[in-house]
Amino acid sequence: MAAVQKRRRRSEHAGARWLVAASIGSRPMAATVATDPRCPPIACCASVGEDGRGAGPGCFESGLWTAAYCCAQGLAADCYRWGEDAPGHDLAMYPVLSAVQCRHLCQSREDCEYWTYLVDVPELGDYRAQCHLKSALALQARLPDVHAYVVSGERHCRYFGEGLRPEAARARHGFDEVPWRTASSLDIASAAVAKGLAVVATAGSSEWHVEAAAIFASLGFVAVLDALTDSQVKRLRERSQRLAEKVLSMDPARLGNRGPRRYSFGALSPTNHLMHLPEWTQLLDSGPVSAVLQEIYPNGYLAAGGGGDFVLGGASTYQSLHLDIGGRPIYELEEPPGLAVNYIIEDMSCADGPTRVLPGTQHIPGMPPVLTMEPTSIKEGTLLCPLPAGAAIVRDLRAWHGGTPNGSDRTRYLPNAEFVSKAYGMLTCGTGVILDPCSPVLPKTLHERLSPHGRAVSEGIVDASGTLDAASKEDDWMIEAPIDFSRHSAEAY
């Protein structure tokens with residue numbers, strides 16, 4: 001679906017409610033179940049578990065029509081209040097496909113506190129499929145039992161456990177149960193300690209990378225404080241900012257492509273990677289990071305590409321916990337099947353939308369809990385922050401992790417590079433999946449600029465056709481519709 005476009009005609013929302021109600025009966029009644037005809041059969045609701053999972057085939061396969069929205073039962077009924085409306089107090093109106101999308105539009109706008117969706121049914125005539133975003137004043141104007149084809153809710157639903165107010169986001173602290181930051185340079189390590197950061201004891205020693213790999217094996221992550229030089233950080237930051245500006249020009253509603261106000265870098269590109277950009281290619285060849293990766297992978301490893309994400313200031317919602325890799329073999333291989341290296345390009349505080357990663361979960365087969373079942377202590381106590389510009393987070397792709405609210409007023413960027421073990425690479429080579437170490441995503445001319453080690457690990461992803469060489473010199477490589485609501489499926493409650 002292309003980016004949502006705002007309707008230009010003036011909304012007459014307040015008066016329209018009563019006209020709509022009158023058109024469907026003199027005494028319109030609120031819906032006891034959802035009246036959206038695109039919801040799956042009501043029988044699907046009987047098989048949904050407390051965590052929203054467990055429905056059978058053909059049930060809730062789209063993030064636009066979820067169990068919480070379509071079933072209107074239990075605590076989720078307070079998140080989608082069928083029959084409720086609050087006439088007036090409109091900020092904007094959009095044509096949308098469902099109330100789930102309407103909720104996300106409200107969360108994409110910092111001044112939206114309440115939303116109302118008019119279902120896409122013939123009974124509503126010209127008012128069908130409308131999403132009305134409203135100010136906080138609407139919270140005092142709520143009316144129940146208006147009519148059957150309206151559903152409303154607040155910006156955040158307490159049952160979903162999905163968001164934080166900016167002041168709460170700014171009050172967070174980072175994971176501190178054990179030290180997880182290190183550096184190849186003693187000077188960098190000492191500077192971090194002087195700023196109050198806990199650093200592992202071997203940082204700056206000849207064995208620093210050995211302990212870094214041990215921490216990674218235990219926690220599922222480790223931070224390397226001196227992964228990039230100042231000049232590398234500057235170039236990467238400037239390119240990231242230019243990309244973000246271009247994307248935002250296509251998304252005035254700030255709907256995002258990984259949740260409200262949240263964007264995937266890789267999803268902007270036809271290859272799902274940004275390795276055709278020299279600022280990203282350098283991420284394959286960080287000396288300190290390579291030292292740690294060689295310790296993690298004594299049998300060798302392969303580059304698979306890279307992208308990362310960025311999150312706008314004011315993003316108020318969490319991402320669901322998830323893995324970045326799947327399939328049965330991921331727990332059966334001798335070495336970690338894959339890892340991501342996310343680079344910090346501006347000093348990142350715990351207010352700036354840091355990633356939360358649950359320590360040790362890379363060894364737990366199965367799916368992580370959904371947001372409604374995730375304890376607050378996990379959301380607040382597993383943040384990988386603060387970190388200085390130039391640092392890198394090396395993360396096992398099996399570790400349960402997710403994005404968090406950005407309580408600051410600036411964009412948080414986390415570009416990354418991705419690598420796989422040779423054993424896992426043998427399974428995915430040529431399959432075309434995102435972690436395919438044989439997919440041509442790296443221009444030959446950029447590959448030739450890497451160090452001998454960098455060239456060796458990335459040889460499989462070189463594009464020999466010359467197509468990506470042209471893309472690396474131009475700025476029109478981005479896909480036509482980078483804002484796709486289907487990418488929200490994991491966040492659609």
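Residues: numbered from 1 along the sequence shown.
Using a distance-only test at 3.5 Å, with no hydrogens or angles considered, no donor-acceptor pair links the side chain of Asp226 to the main chain of Ala183. Remark: the backbone N or O of Val200 is not paired with any side-chain donor or acceptor of Thr182 at under 3.5 angstrom. Listed for the His322 side chain is a donor-acceptor partner under 3.5 Å among the backbone atoms of Ser320. Under a 3.5 Å cut-off, the side chain of Gln294 and the backbone N or O of Ser290 do form a donor-acceptor pair. With hydrogens and angles ignored, the 3.5 Å screen pairs a side-chain donor or acceptor of Asp463 with a backbone N or O of Leu468. Under the 3.5 Å distance criterion, the side-chain polar atoms of His276 are left unmatched by any main-chain donor or acceptor of Leu442. Between the Arg258 side chain and the Ser264 main chain, no donor and acceptor come within less than 3.5 Å of each other. Although no hydrogens or angles enter the test, the distance criterion places a donor-acceptor pair under 3.5 Å between the side chain of Tyr343 and the main chain of Leu283.
Each disulfide bond (SG atoms under 2.5 Å apart) pair with one or both residues in residues 297-353, not counting sequence neighbours, appears once here: Cys350-Cys385.
In summary, the side chains of Asp352 and Ser408 do present a donor paired with an acceptor at a separation below 3.5 Å, with no hydrogens or angles considered. Side-chain atoms of Arg38 and Ser62 form no donor-acceptor pair, as typed in the model, at a separation below 3.5 Å. Side chain to side chain, Ser421 and Glu335 fail the donor-acceptor criterion of an N or O pair below 3.5 Å. For the residue pair Arg155 and Ser316, a side-chain donor N or O sits within less than 3.5 Å of a side-chain acceptor on the partner.
To the nearest 0.5 Å, the span separating CH2 on Trp180 from OG on Ser218 amounts to 14.5 Å. Within the model, atoms CZ of Arg254 and OH of Tyr263 stand 5.5 Å from one another, a figure rounded to the nearest 0.5 Å.
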